[in-house]
Enquirer: 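Could you have a look at this structure, given as structure tokens, before my questions?
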Amino acid sequence: MKFRILDQGVFRFPFQTKRLIVFVVTVLFVVGLPFGGLASDDVQQIEEDTRQKIKQADKLARRGNSAEAEKILRQIIRRDARHSTAKLKLAYLLLKQKNLLEAYDLSLEIAKAEPKNSYAFAVLGATLLNAGNFKEAEKILVTAVSLNKKEALAWAGIGMLDFYENRIFDSIENLKAAVYFDRDEPDFAFTLAQVTARAERYKEAADAYDRFLQISPVTDTERRDRIKGLINFLRFLGGKRTLYELDGDKRADVSFELLRDRPVIKLRINKNEEPLRFVLDTGSGISVISKVTAEKLGIKPITRGGLARAIGGDGKFEIVYGFLKSVEIGDVRIKSVPVYIREFHSNVEKIDGYIGLSLISKFLTTIDYGDLTFSLIRKDIADEQNVVENKGVFMPLRLTSSGFLSGEVQIEGVENSLNFIVDTGASISVISDEVANLTEVSRFVRNEKMRVVGAAGITENVPSFLLPRVTFGNNSRESITAIALDLDIINEAAGFRQAGILGGNFLKNYRLTFDFKNSKVIFTPVRK
């Protein structure tokens, strides 16, 4: 990201929430002291007590005791409503807990009152980024850095913004700056590890995760267990010469079966002649193979890594890492492919696995729902032959922390655009419980309940809605069925808030070309 210094006298603070918030910036002249009438020694004692309490809150937060830390900070604020340090520390704590609205209100108040307070702008910018307001987040985070070149949280925010917009190597450098300026913040080490892993720097990623384990609260057991297994897998991958090595032909064109609005193709694994049935799944960062198919092919686990959180059942499934020597799609061969191995629930369709983004991101990838074909063209060949067509509509995509593709969607009746995951592996579109409860959306609820099969199990009696119109860029479809699910599990790892999933019942009306290099997807309507 290239920085530009902003006029620090002018800021706009829009924010997407359930209610419309209008702020009028005024200058407040406050006369008098908060502890008027007290002797100077008393005031100094109170200030010293407050400093000690803030230190205590910091220690509690570092140990993972957020509830007690929050309690202390709120006590300080009740005693002194103008204590900006306590308010900003509380805002950052709330940001980590995904309580974005209060975090926004607190940090906005201080940013307006103290226009030279770089940390206020850093917290505000990070909050806007988590809410998915990228344009305003960028302005405010850059302002924080211009005020203080050592503002670690601002560097972290800029680094994550770079990552979401596919500037991977800029992201790494900015996240390294965040870690350099605050080596004791676990979240900075964690995000650096995530991004270096995406850049296929597996040893660096393992080292960053090691650092996270050294400084993160021991109470964060679930995430720590996952990371211990992940470190073992990253060390294994780091010992390989290369991953996703391209071999065979430079292009593949194969037909697919549209099964419950999901594209299912046939491929071969480890040079076995028997074709396997895999769902093309842009909603998965890494490819997945069923436990049954892995056992049949003699693919053994490399390591295990605690529990992952996902939709369905009790919301959790065991993480088991595997490794494929090769995957063949048509005459294209991809060698050295990491995978998850997991149980598939209610697998009546006899699906063997899911093709994730990491496998196909080396190609210009086209899914044509009109003629039911799937094509892969190596990026270098696509660039040489100028393969990308300009007939369709280009839509920008962002990459979430957890490896999903996300785009901005408009639902008729809802004023603001919403971030939706673009998921070819989902049969039906999804809206979050929060969106479903909006007055503008709740009236579209249907009497029909649905059964949802997810990675973590099966959920019964899921409410469904008939949305009058759903728009992605210039592409609109009427009467789109969507189910309402709790997406907190997804949002815990996504990095910025997702309000839904754009599934196969919307996508099947188009020919989709994914240009991963430029973070775009081309939508071309198909004739039925």
Enquirer: When you look at Ser171 and Asp162, which way does the side-chain hydrogen bond (donor to acceptor under 3.5 Å, both in side chains) test go after all the steps?
Expert: CA-CA 5 Å; Ser171 173; Asp162 285 331; 5.7 Å; no
Enquirer: Give me the atom names and distance for the closest heavy-atom approach of Ala103 to Ala91.
Expert: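 So the two residues come closest at CB-O, 3.4 Å.
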Enquirer: Between the side chains of Arg224 and Ser216, is a donor N or O closer than 3.5 angstrom to an acceptor N or O?
Expert: yes
Enquirer: Dump the intermediate steps for side chain to side chain contact (heavy atoms under 4.5 Å, CB included) on Thr424 and Leu507, then the final yes or no.
Expert: CA-CA 7 Å; Thr424 59; Leu507 301 174; 4.0 Å; yes
Enquirer: We want to know whether Thr366 and Thr513 form a side-chain donor-acceptor pair, criterion being a heavy-atom distance below 3.5 angstrom.
Expert: yes
Enquirer: Is there a side-chain contact between Glu408 and Arg398 in this structure, where contact means two heavy atoms from C-beta onward sitting under 4.5 Å apart?
Expert: yes
Enquirer: Does the pair Asn505 and Ser429 meet the rule for a side-chain hydrogen bond (donor to acceptor under 3.5 Å, both in side chains), with working shown?
Expert: CA-CA 7 Å; Asn505 63 331; Ser429 297; 2.9 Å; yes
Enquirer: Tell me if the aromatic rings of Tyr164 and Phe496 count as close, with their centers under 6.0 Å from one another.
Expert: yes
Enquirer: Classify the side-chain pair Asn518/Asp515 by whether it contains a donor and acceptor separated by less than 3.5 Å.
Expert: yes
Enquirer: Please name the pair of heavy atoms, one in Ala152 and one in Phe188, separated by the smallest distance, quoted to 0.1 Å.
Expert: CB-CE1, 3.7 Å
Enquirer: Should the pair Arg235 and Tyr202 be classed as cation-pi, given the thresholds of under 6.0 Å to the six-membered ring centre and 45° from the axis?
Expert: no
Enquirer: Classify the side-chain pair Ser406/Gln498 by whether it contains a donor and acceptor separated by less than 3.5 Å.
Expert: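 A pair is found: one side chain offers a donor N or O, the other an acceptor, under 3.5 Å apart.
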Enquirer: Can we say Glu434 and Arg497 salt-bridge, meaning some charged N sits less than 4.0 Å from an Asp/Glu carboxylate O?
Expert: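 Salt bridge: yes.
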Enquirer: If we count only N and O atoms by modelled type, under 3.5 Å, do the side chains of Lys98 and Asn130 hold a donor and an acceptor together?
Expert: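 Side-chain D/A pair, Lys98 to Asn130: present.
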Enquirer: How many angstroms lie between atom CZ of Arg342 and atom OH of Tyr321, to the nearest 0.5 angstrom?
Expert: 14.0 Å
Enquirer: Could you tell me whether Phe363 and Phe514 have their ring centroids closer than 6.0 angstrom?
Expert: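 No, the ring centres sit 6.0 Å or more apart.
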Enquirer: Cut-off 3.5 Å, side chains only: do Asn166 and Ser519 have a donor facing an acceptor?
Expert: yes
Enquirer: Apply side chain to side chain contact (heavy atoms under 4.5 Å, CB included) to residues Leu129 and Leu161 and explain how you reach the verdict.
Expert: CA-CA 7 Å; Leu129 184 61; Leu161 179 60; 3.9 Å; yes
Enquirer: Indicate the atoms forming the closest heavy-atom contact of Leu324 with Asn270, along with that distance.
Expert: C-OD1, 3.7 Å
Enquirer: Does the side chain to side chain contact (heavy atoms under 4.5 Å, CB included) test come out yes or no for Arg198 and Phe163, once each step is laid out?
Expert: CA-CA 9 Å; Arg198 294 286 174 201; Phe163 174 71; 3.6 Å; yes
Enquirer: May I ask you to check whether Phe472 and Phe506 place their ring centres under 6.0 Å from each other?
Expert: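 Judged by ring-centre distance (under 6.0 Å), Phe506 and Phe472 do not meet the cut-off.
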Enquirer: Taking atom NZ as the centre, does Lys96 end up with more than 12 heavy-atom neighbours from other residues, nucleotides or ligands that are less than 6.0 angstrom away?
Expert: yes
Enquirer: Please walk me through it: do Arg451 and Val462 pass side chain to side chain contact (heavy atoms under 4.5 Å, CB included)?
Expert: CA-CA 6 Å; Arg451 184 174 191 249; Val462 176; over 6 Å; no
Enquirer: Looking at Thr365 and Ile360, would you say the former's side chain and the latter's main chain have a donor-acceptor pair under 3.5 Å?
Expert: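 Here the side-chain-to-backbone pair exists.
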Enquirer: Please confirm whether Phe278 and Tyr354 have ring centers closer than 6.0 angstrom.
Expert: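 Not under 6.0 Å, so no.
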Enquirer: Restricting to non-hydrogen atoms, name the atom on Lys176 and the atom on Arg201 that form the minimum distance, rounded to 0.1 Å.
Expert: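 Taking every non-hydrogen atom into account, NZ-NH1, 4.3 Å.
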Enquirer: For this output row, return yes or no: ring centroids of Phe256 and Phe374 closer than 6.0 angstrom.
Expert: no
Enquirer: Looking at every heavy atom in both Asn174 and Gly159, which two are closest together, and how far apart are they?
Expert: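 What the structure gives for the nearest pair is CB-CA, 3.7 Å.
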Enquirer: With a 3.5 Å cut-off and no angle check, do the side chains of Ser427 and Asp261 form a donor-acceptor pair?
Expert: no
Enquirer: Do Tyr510 and Phe523 have ring centres separated by under 6.0 Å?
Expert: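 Between Tyr510 and Phe523, the centre distance is under 6.0 Å.
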